[in-house]
Amino acid sequence: MADCLFCNIIEGAIPSTKVYEDDVCYAFDDIAPEAPVHTLIVPKQHFASLNDDVPADLLGQLMARVPEIAKIKGIDESGYRVVVNTGADAGQTVFHLHVHVLGGKSLGEHVL
Ligand code: AMP
Ligand code: ZN
């Protein structure tokens, strides 16, 4: 989608710090990190949120990438938190489905 921030990041029209990429997804560091490691994983196909009839196999593929991306960021052994904000009450600000991967320190109960 032309007016979607994360679609533009995936296409390289807006710069990002790339962590990982394959046919299904693109991962990059969050511009305003809430933890020493804060990486976002986005599907290359645009879905606004978890409410957007996302195919189950795509959700599985995104989650299956998390351990590999955590390993690239050096937090697979120390641990990490995975967050998918959905809608207003969760504070979702970018309406292109994304998975937050947070770690690099001991996380409290309220990270996002
Ligand atoms: P959410 O609040 O779950 O919608 O998360 C959106 C995330 O996108 C926030 O953590 C922002 O810091 C992050 N973000 C916004 N713009 C950019 C950008 N240009 N590059 C990287 N991360 C961004
Ligand atoms: Zn998009």
Side-chain angles (χ1 to χ4, degrees):
M1 284 179 65
D3 60 349
C4 170
L5 173 62
F6 288 172
C7 282
N8 277 285
I9 285 177
I10 291 162
E11 289 162 12
I14 292 175
S16 65
T17 303
K18 176 175 157 180
V19 172
Y20 174 89
E21 182 174 16
D22 62 24
D23 290 348
V24 171
C25 71
Y26 183 76
F28 55 104
D29 287 329
D30 197 291
I31 202 168
E34 300 270 359
V37 173
H38 187 170
T39 296
L40 303 175
I41 309 171
V42 300
K44 288 191 168 175
Q45 189 177 354
H46 179 93
F47 294 93
S49 77
L50 277 181
N51 285 343
D52 198 13
D53 295 322
V54 188
D57 61 342
L58 175 58
L59 290 173
Q61 287 171 321
L62 291 175
M63 281 298 161
R65 266 54 168 195
V66 172
E68 183 174 353
I69 289 164
K71 189 168 188 178
I72 291 169
K73 297 299 293 186
I75 58 169
D76 55 321
E77 298 285 337
S78 51
Y80 50 88
R81 179 170 293 161
V82 174
V83 175
V84 182
N85 290 321
T86 305
D89 279 357
Q92 184 179 4
T93 58
V94 178
F95 285 82
H96 179 128
L97 176 66
H98 52 282
V99 177
H100 295 259
V101 181
L102 298 138
K105 70 172 186 179
S106 181
L107 300 169
E109 290 183 13
H110 305 289
V111 172
L112 289 173

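Since this is a predicted model, take the numbers as computed values, not measurements. Read the numbers this way: they start at 1 and go in the same order the structure lists the ligands and their atoms.
- You'll find the side chain of Lys44 stays beyond 4.5 Å of the side chain of Val24, heavy atoms only.
- At least one heavy atom of Leu40 sits closer than 4.0 Å to an atom of ligand 1.
- Across the listed options Asn85, Leu97, Ile9, Thr93, Thr93 owns the non-hydrogen atom lying nearest to atom 6 (C) of ligand 1.
- To the nearest 10 degrees, the angle centred on the Zn ion (ligand 2) between SG in Cys7 and SG in Cys4 reads 120°.
- Below 4.0 Å from some heavy atom of Asp29 lie the following atoms of ligand 1, by number and element: 21 (C).
- Between His100 and His38, the angle of the ring planes lies from 30° to 60°, which puts this pair in the tilted group.
- Remark: distances from the non-hydrogen atoms of Glu34 to ligand 1 are all 4.0 Å or more.
- Contact check for Leu97 versus Asp52: no side-chain heavy atoms found under the 4.5 Å cut-off.
- Interface atoms of ligand 1 facing Ala32, defined by a heavy-atom separation under 4.0 Å, are 12 (O).
- For ligand 1, the atoms sitting less than 4.0 Å from at least one non-hydrogen atom of Phe28 are 21 (C), 22 (N), numbered in the order shown with element in parentheses.
- Atoms of ligand 1 found under 4.0 Å from any heavy atom of Phe6, numbered from 1 in the order shown, are 8 (O).
- Remark: ligand 1 and Ile14 share no N or O pair separated by less than 3.5 Å (distance only, no angle test).
- For the pair Ser16 and ligand 1, no heavy-atom separation below 4.0 Å is found.
- Between Leu50 and Leu59 the shortest side-chain heavy-atom distance falls below 4.5 Å.
- The closest approach of His96 to the Zn ion (ligand 2), by N/O/S atoms, is made by ND1.
- By the rule that hydrophobic residues join a cluster once side-chain heavy atoms approach within less than 4.5 Å of another member, Val19 and Val82 end up as members of one cluster.
- Cluster annotation: Val42 and Ile14 are assigned to the same hydrophobic cluster (Ile/Leu/Val/Met/Phe/Trp/Tyr, side-chain heavy-atom contacts under 4.5 Å, transitive).
- Using a 4.5 Å cut-off on side-chain heavy atoms (C-beta onward), Ser16 and Phe6 make no contact.
- Other residues, nucleotides and ligands contribute only 12 or fewer heavy atoms inside 6.0 Å of the CG atom of Asp89.
- Between Val101 and Ile75, some side-chain heavy-atom pair lies under the 4.5 Å cut-off.
- Looking only at N/O/S atoms, His46 comes nearest to the Zn ion (ligand 2) through ND1.
- Near His98, the atoms of ligand 1 lying under 4.0 angstrom from a non-hydrogen atom of the residue are 1 (P), 3 (O), 4 (O), 5 (O), 6 (C).
- Of all the listed residues (Gly87, Gly91, Ser49), Gly91 holds the heavy atom that lies closest to atom 2 (O) of ligand 1.
- Of all the listed residues (Leu102, Asp30, Val42), Asp30 holds the heavy atom that lies closest to atom 7 (C) of ligand 1.
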